[in-house]
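Heads up, the thing below is written out as structure tokens.
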Amino acid sequence: MALQEIIGTELSGLYGQKVLEDMGHIISLYDFYDGRGQDWQTATDLDYRPTKLITNLCKKLIRRESRFMFGRAPELRILARDGSPLDECTAALNEVLTANAFPERLLKGLRDCLIGKRVALKLSGGIGQPIGVQIRPSLEFIYEPCDDDADNLRKIIFFYRTNDCVRASDQRIWKQKYELSGGRCFVTEGIYDGKGNLVEGGECVNTGLDFIPCRVIINDGLTGDLCGESDVEEIMASQMIYNRMKSDDLDALRFNMFPQRVAVDADGSSLENMVIAPGSLIDLMTDPARGDDGRQASLTMLEPKFGYNDRFENALDRIKQDMHELLGVPNVSADKLRGFAQSGVAIRALYWELEERCEERWATWGPALDWMSRSILKMLSVYGGKKYPEDIRVHIEHLYPIMADEHSERELDLREVASGVRSADSYRRKWDC
């Protein structure tokens, strides 16, 4: 059972064909992100090997995006409907997330989502088993949403190859399918060969849940988009131009950095015996055919002169700045910040566009983490036997790694309390005092 057949069997029609085509495109996006896909063709009939220098700004920018949003993992707290804290529920949730190294998985999951357009947030567990929390990349799952609600799933299938054998009979593909039937979630898991024959497993198991413990998170996109968009695709063209310009510049330097020696009216035999070395003596003789008219041989150096330096640097800076602006990542360096970063307020203004972009993503990630928190408590109730309340609120605090003027902000809040604009309880809740 090839991966193409899995997709074709589970997702029929035009949507299945679109997902199959999208898989190949996503593979090329990952190759580009890693740098392998940033290669280009050069002429083969040259007398030198053209330089290919890849400066992977794409990977740097994607990592900076993910670090800003999830470099500090968001803080999750469970509250009652009236806003009072439910410390026991929060402790149970944090215990599960800590056991699954959730901050690391969240950071890498966002990176996969920015590259591969979407990820799947997957929960697992059973009676006597710990609750597992995973984030799977788009190349390892396909899904089908409910007709009336794209956030709820009718079924989702996870799969990946376990070996790289060429013969179909030796190939092994792991497949796990979640689907709803009669208000219950069933999971079927097995290992198949390349011909679709079941090798191991394959039994259908009732999870005991009334929902599929998975949720698909889409990166950007429009209403009804089931595939999403890739941040890598936004900057591919600029990245390729940047690499080629730097490579061509190195070749230009290589061929123009050495001065050329120009001999005038010199004898050919003296030029053949000329040695270029430190301290060497050149026996330069005049060509006998030129000596009759009084001419003397001369040897000079022709030094190259570059006149495109500033224009080249400006072009590179424009391309790099375009990449930063497309992703909303500020172009910060020691030169850029000189005389600007005087306070936390100025730094926050510099990162304002990136913070806006992250808040836009929170419109998708926030409900997903809310669902995850509620689902973990439900699974702990079903599998652990201890009932947790379902009528709860999930408070998610966004923690960006950015400098802030807390002292000035505290003083402003205190003035608001003194003037009656803000209550004392609101101040204490904000500053945990």
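Just so you know, these numbers use all the heavy atoms, side chains as well, and skip hydrogens, waters and symmetry mates.
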Within this structure, what is the [atom1]-[atom2] distance for the pair [X] and [Y], rounded to the nearest 0.5 Å?
X: His395; Y: Glu75; atom1: NE2; atom2: CD; result: 7.0 Å
X: Lys177; Y: Ile212; atom1: NZ; atom2: CD1; result: 10.0 Å
X: Tyr178; Y: Glu189; atom1: OH; atom2: CD; result: 7.5 Å
X: Ile235; Y: Ile319; atom1: CD1; atom2: CD1; result: 12.5 Å
X: Cys358; Y: Glu355; atom1: SG; atom2: CD; result: 7.5 Å
X: Leu327; Y: Lys60; atom1: CG; atom2: NZ; result: 12.5 Å

Keeping the roles fixed (side chain from [X], backbone from [Y]), state whether a donor-acceptor pair exists under 3.5 Å.
X: Glu229; Y: Asp220; value: no
X: Ser66; Y: Leu110; value: no
X: Ser247; Y: Leu53; value: yes
X: Glu65; Y: Val329; value: no
X: Arg154; Y: Cys146; value: no
X: Gln171; Y: Val166; value: yes
X: Thr98; Y: Glu95; value: no
X: Asn100; Y: Val133; value: yes
X: Asp210; Y: Gly183; value: no
X: Tyr143; Y: Leu226; value: yes

Are a donor atom and an acceptor atom from the side chains of [X] and [Y] found within less than 3.5 Å of each other?
X: Tyr242; Y: Gln38; answer: no
X: Ser169; Y: Asp193; answer: no
X: Asn163; Y: Asp170; answer: no

**Short N-O contact, Asp322 and Arg318, less than 4.0 angstrom** =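 A salt bridge is absent here (no side-chain N lies under 4.0 Å from a carboxylate O).
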**Short N-O contact, Glu200 and Arg172, less than 4.0 angstrom** =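 Here Glu200 does not pair with Arg172 in a salt bridge, since their nearest N and O are not under 4.0 Å apart.
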**Asked** Are the aromatic rings of Trp40 and Phe32 close, with centres under 6.0 Å apart?
**Response** no
Taking all non-hydrogen atoms of both residues, which atom of [X] and which atom of [Y] are closest, and how far apart?
X: Leu380; Y: Ala92; value: CD1-CB, 4.0 Å
X: Thr55; Y: Gln239; value: O-NE2, 2.8 Å
X: Leu153; Y: Cys214; value: CD1-O, 3.5 Å
X: Thr42; Y: Pro50; value: CB-CG, 4.0 Å
X: Thr364; Y: Ile218; value: CG2-O, 3.6 Å
X: Ser375; Y: Leu123; value: CB-CD1, 3.5 Å

Are any non-hydrogen side-chain atoms of [X] and [Y] less than 4.5 angstrom apart?
X: Ile115; Y: Asp231; result: no
X: Pro367; Y: Arg215; result: yes
X: Phe159; Y: Ile142; result: yes
X: Leu121; Y: Trp365; result: no
X: Ile78; Y: Tyr388; result: no
X: Met379; Y: Leu209; result: yes
X: Leu180; Y: Cys185; result: yes
X: Met323; Y: Ser238; result: yes

**Request:** Would you check, one step at a time, whether the test side-chain contact (heavy atoms from CB on, under 4.5 Å) holds for Tyr30 with Asp112?
**Result:** CA-CA 9 Å; Tyr30 271 98; Asp112 276 308; 2.5 Å; yes
**Item:** Aromatic ring pairing His398/Trp362, orientation class (parallel under 30°, perpendicular over 60°, tilted between)
**Value:** parallel
**Message:** Check the orientation of Phe211 and Trp371. Use parallel for under 30°, tilted for 30 to 60°, and perpendicular for over 60°.
**Reply:** perpendicular
**Message:** Among Glu359, Arg67, Arg72, exactly one meets side chain to side chain donor-acceptor pair (under 3.5 Å) together with Tyr400. Which residue is that?
**Reply:**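 Of all the options given, the one that passes is Glu359.
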**Message:** Does the Lys NZ or Arg CZ of Lys59 fall within the cation-pi geometry relative to Tyr33 - under 6.0 Å from the ring centre and within 45° of the axis?
**Reply:** yes
**Prompt:** What's the verdict on side-chain contact (heavy atoms from CB on, under 4.5 Å) for Ile392 and Leu377, showing C-alpha distance, side-chain angles and the deciding distance?
**Reply:** CA-CA 10 Å; Ile392 58 175; Leu377 293 178; 3.7 Å; yes
**Asked** Between Met372 and Leu76, is a side-chain contact (heavy atoms from CB on, under 4.5 Å) present by the stated rule, with each step listed?
**Response** CA-CA 11 Å; Met372 178 197 71; Leu76 304 177; 3.9 Å; yes
**Enclosure of Arg81 CZ (heavy-atom neighbours >12, cutoff 6.0 Å)** = yes
**Asked** Which is it for Leu29 and Lys117 under the side-chain contact (heavy atoms from CB on, under 4.5 Å) test, yes or no, and what are the steps along the way?
**Response** CA-CA 10 Å; Leu29 293 175; Lys117 305 182 181 183; 4.0 Å; yes
**Item:** Evaluation steps, salt bridge (charged side-chain N to carboxylate O under 4.0 Å, His left out), between Glu88 and Lys386
**Value:** CA-CA 11 Å; Glu88 187 178 7; Lys386 184 174 182 179; 2.2 Å; yes
